[in-house]
Visitor: 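Quick one: the structure is below, questions incoming.
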Amino acid sequence: MESHEPQSCDVVVSEGRLEGGNGHYQKLYDDLTGLYSDAAAFARLIEERRGTVAYEVTTYTPGKKVSDLIMGVTRMAPGKVGDEYFLTRGHIHANGDRPEIYYGQSGRGIMQLESPEGETRLIEVKPQSICYVPPFWIHRSVNTGSEDLVMMFVYPADSGQDYGIIERSGGLRVRIVDDGMGGWTDVPNPGWRPRSDAEIARIYEDAGAAT
Ligand SMILES: O=P(O)(O)OC[C@H]1O[C@](O)(CO)[C@@H](O)[C@@H]1O
Ligand SMILES: [Fe+2]
């Protein structure tokens, strides 16, 4: 039986990062082409912010098995593309039956969840609130506040991320936009296409094969 050393890391809330981990990546605004509905507004954003960081993730990964847990911190800048709030790419776990928890540290946001069948759940994330993302739910974070959104997260190390599921359906079913009063509301995404029965079946079958 493989055994790992216990590990302690610090969540540096003011900087939105995990200290003492072993992984780090950044997503630039340039990497987020095609995610937002307002292409002209996105082009203007890229002119202003080319090469700058939209969100970043610091992690501690002890190993690669289901029994290993990745822990980390996501920091996402605030802002909008047109009236749509900044978001992460979003994914379903490649091993779809792996869950995840997110623990709000600072800022305000939404965990946007979508089931393979196309149901939507919008969970508010704020400091001291924990969001449980059940197996088989596509998840994406949206920063609806005026400050960095910082969240700590944990998920099984063999989860993997499938980003294609969102591309194949033309985005998620709803978009999170400014409600005109400084808050947020969700509006339908006219480009969204329901997943086929075959694709839905594959998501659940693949998970069965992986466990
Ligand atoms: O992987 P994405 O969809 O770009 O978004 C990043 C978020 O998802 C995670 O990869 C974890 O599933 C976190 O690192 C982070 O909160
Ligand atoms: Fe995830």
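Each ligand, and each atom within it, is numbered from 1 in the order the structure gives.
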Visitor: Tell me which part of Q161 gets within contact of ligand 1: side chain, backbone, both or neither, using heavy atoms under 4.0 Å.
Guide: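 Side chain only.
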Visitor: Checking a contact table here: which protein heavy atom is nearest atom 11 (C) of ligand 1, and how many Å away?
Guide: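 Its nearest protein heavy-atom neighbour is E100 OE2, 3.0 Å.
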Visitor: For atom 15 (C) of ligand 1, what is the nearest protein heavy atom, given as residue, atom name and distance?
Guide: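 Ranking protein heavy atoms by distance from atom 15 (C) of ligand 1, first comes T74 OG1, 3.0 Å.
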Visitor: Consider only side-chain heavy atoms of I, L, V, M, F, W and Y, link residues closer than 4.5 Å, and tell whether F136 and I165 are in one cluster.
Guide: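 Linked, F136 and I165 end up in one cluster.
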Visitor: State plainly whether the residues R98 and D158 are in salt-bridge range, i.e. N to O under 4.0 Å.
Guide: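 Counted as a salt bridge, because a side-chain N and a carboxylate O are separated by less than 4.0 Å.
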Visitor: What atom name does the N, O or S atom of H93 nearest to the Fe ion (ligand 2) carry?
Guide: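 For H93, the N/O/S atom sitting closest to the Fe ion (ligand 2) is NE2.
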Visitor: Is there a donor-acceptor pair under 3.5 Å between the side chain of D186 and the backbone N or O of I176?
Guide: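 Looks like no, no N/O pair under 3.5 Å.
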Visitor: In terms of side-chain geometry, is the basic nitrogen of D162 or R168 positioned less than 4.0 Å from the acidic oxygen of its partner?
Guide: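 Yes, charged N to carboxylate O under 4.0 Å.
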Visitor: With nothing but distance in play, are any N or O atoms of F153 less than 3.5 Å from an N or O of ligand 1?
Guide: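 It does not: no N or O of F153 is found under 3.5 Å from an N or O of ligand 1.
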Visitor: Where's the contact between R140 and ligand 1, heavy-atom distance under 4.0 Å: side chain, backbone, both or neither?
Guide: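 Within the 4.0 Å criterion, R140 makes no contact with ligand 1.
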Visitor: Could you tell me which non-hydrogen atom of D178 sits nearest to which non-hydrogen atom of K80, and how far apart they are?
Guide: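 Shortest heavy-atom separation between D178 and K80 comes out as OD2-NZ, 2.5 Å.
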Visitor: With a cut-off of 4.0 Å, which atoms of ligand 1 are near a heavy atom of Y155?
Guide: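 Contacts of ligand 1 toward Y155, numbered from 1: 11 (C), 12 (O).
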Visitor: Please confirm whether G90 approaches ligand 1 to less than 4.0 Å, judged on its heavy atoms.
Guide: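 Per 4.0 Å heavy-atom rule, G90 contacts ligand 1.
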Visitor: At what distance is the nearest protein heavy atom to atom 5 (O) of ligand 1, and which residue and atom is it?
Guide: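 Nearest protein contact, heavy atoms only, for atom 5 (O) of ligand 1 is T88 CB, 3.6 Å.
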Visitor: Locate the shortest heavy-atom distance separating T58 from H24; write the atom from each residue and the value.
Guide: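 Shortest heavy-atom separation between T58 and H24 comes out as CG2-CD2, 3.5 Å.
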Visitor: What's the OE1-the Fe ion (ligand 2)-NE2 angle here (E100, H91), rounded to 10 degrees?
Guide: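 Rounding to the nearest 10 degrees gives 170°.
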Visitor: What's the shortest distance from atom 8 (O) of ligand 1 to any protein heavy atom, and which residue and atom give it?
Guide: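 Scanning the protein heavy atoms, the shortest distance from atom 8 (O) of ligand 1 goes to H91 CE1, 3.2 Å.
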Visitor: Please name the atom of H139, limited to N, O or S, that comes nearest to the Fe ion (ligand 2).
Guide: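 Output for this pair reads NE2.
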Visitor: Select the closest option to atom 4 (O) of ligand 1 among Y25, Y102, Y163, Y55, judged by heavy-atom distance.
Guide: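 Going through Y25, Y102, Y163, Y55 one by one, Y55 has the nearest heavy atom to atom 4 (O) of ligand 1.
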Visitor: Quick check: does any side chain N or O of H91 sit under 3.5 Å from a backbone N or O of R89, one acting as donor and the other as acceptor?
Guide: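 Not at all, since once roles are kept as given, no pair shorter than 3.5 Å links the two residues.
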Visitor: Any carboxylate oxygen within less than 4.0 angstrom of a Lys/Arg side-chain nitrogen, looking at E124 and K126?
Guide: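 The answer is no: the pair does not qualify as a salt bridge.
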Visitor: Write down the atom of L32, the atom of L28, and the distance for their closest heavy-atom approach.
Guide: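 So the minimum-distance heavy-atom pair works out to CG-O, 3.6 Å.
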